[in-house]
Amino acid sequence: MKIASTFTLLAVAVTAFFVADVAHEGLGHGGMCLASGGRMLSLSTTYEACSIRSRAIDGAGPGMGLVVALVAWMWLRLAPPRSQNLRAFLCLLFAFTAFWNVGYLIYSGLLDRGDLKFVVAGLEPAIAWRVVLVVFGVIFYAAAMRVVGASLARNFSDGDGWRPQNFALIALLGASVLAAAGGVFDPRGPGIILSDALPSALGSAGLVWVGFVLHRRLPALRIATPTSPAWIVAGLVCATFFVAVLGPGLRF
């Protein structure tokens, strides 16, 4: 029973990360490319190439990710589903989209890499803009951690299921393995695994800290992911498409 529940949790996490990635690369960058009059040239798990460049296109990936995070949070707040697996999916979708895209502020500010590097490129003084990115990134990341913790505590209760830290570790592991697997086939080379693919998943490491904090504060809290063949199939479909199709990239 525990093994089946583990596969269900992994499937929920994989599906959530898949949606987060497509929202960032496809809906965000790709959608703004088309809205700006450009033509999408390619799309992979880590990159979208457009026939034109603009700050709006570069910033649309993180922006769309945060929109999806907001939708997931509002769904949980206003109309929480009866299904425990769907509630877990929405919590993880919020976590992956919020942590990844807010984390981009810190990533771009510290390392001068990624989408937001291009958003602030040319703005002076450059170092001040990078400091602003890092400061706001830390503030919003901490806020996202609080929201994730509150969402898990509100939507799950004492009883059978995963301890929060185990839930977080398994979910992050599933997302990280999926991200790395997609990066193996990235057309820009295997170096993308460490530079782009894994950071998009490991940026959600705050989820693990939230899990440990929840366990200390609410030791009886359990996050249930009942065995669900439907979720397992959905996870397999998403993982297969992510690795086999988006991994090597689509060309238009």
Would you mind reporting whether [Y] and [X] have side-chain heavy atoms less than 4.5 Å apart?
X	Y	value
V22	L246	yes
R55	F118	no
D58	L116	no
P226	T8	no
L173	L169	no
H29	C50	no
P190	V184	no
Y104	D115	yes

Do you know which two heavy atoms are closest between [X] and [Y], and how far apart they sit?
X	Y	value
G137	V102	O-CG1, 3.5 Å
V14	G235	CG1-O, 3.6 Å
G182	V243	N-CG2, 4.1 Å
C238	T15	SG-CG2, 4.0 Å
L198	A180	CD2-CB, 4.1 Å
N101	G65	ND2-CA, 3.3 Å

Please check if any side-chain donor atom of D186 sits under 3.5 Å from a side-chain acceptor atom of T46, or the reverse. yes
Cationic tip of R222 within the cone over F156's six-membered ring, i.e. under 6.0 Å and within 45° of the normal?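 Negative - R222 is either too far from the ring of F156 or too far off its axis.
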Charged tip of K117 within 45° of W129 ring normal and under 6.0 Å: no
Nearest 0.5 Å, what's the [atom1]-[atom2] distance between [X] and [Y]?
X	Y	atom1	atom2	answer
F242	T45	CZ	OG1	4.5 Å
Q165	H215	CD	NE2	4.5 Å
L221	R216	CG	CZ	14.0 Å
F94	L66	CZ	CG	8.5 Å
C91	I223	SG	CD1	7.5 Å
T225	F7	OG1	CZ	12.5 Å

So, the side chain of [X] versus the backbone of [Y]: is there a donor-acceptor pair under 3.5 Å, distance only?
X	Y	answer
R251	L41	no
N155	S151	yes
S51	R39	yes
R113	L110	no

What's in the same ILVMFWY side-chain cluster as M32, cut-off under 4.5 Å, chained through other members? I52, I57
So does [X] have more than 12 non-hydrogen atoms from other groups sitting under 6.0 Å from [atom1]?
X	atom1	value
R146	CZ	no
D158	CG	yes
R188	CZ	yes

Audit row: L133, I106, side chain to side chain contact (heavy atoms under 4.5 Å, CB included) steps and yes/no: CA-CA 6 Å; L133 289 179; I106 304 171; over 6 Å; no
Could you go through residues 199-214 and list every donor-acceptor pair under 3.5 Å that involves a side-chain atom there, pairing it with any protein atom two or more places apart or in another chain?
residue, atom, partner, partner atom, Å
S200, OG, A197, O, 2.5

With sequence neighbours left out, write down each residue that passes ring-ring contact (aromatic ring centres under 6.0 Å, His included) with [X], or none if nothing qualifies.
X	value
F89	W231
Y141	F99
F185	none

Please tabulate, for the side chains in residues 71-83, all donor-acceptor contacts under 3.5 angstrom to protein atoms that are two or more places apart in sequence or on a different chain.
residue, atom, partner, partner atom, Å
W75, NE1, A79, O, 3.2
S83, OG, N85, N, 3.4
S83, OG, L86, N, 3.2

Do you reckon [X] sits in the same ILVMFWY cluster as [Y], going by side-chain contacts under 4.5 Å, direct or chained?
X	Y	value
F252	F241	yes
L93	V237	no
V67	L27	yes
F167	L172	no
V68	L34	yes

Check each of F17, F18, F96, W100 against H24 using the ring pair (Phe, Tyr, Trp, His ring centres under 6.0 Å) test, and report the only one that passes.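 Looking at F17, F18, F96, W100, the match for H24 under the ring pair (Phe, Tyr, Trp, His ring centres under 6.0 Å) is W100.
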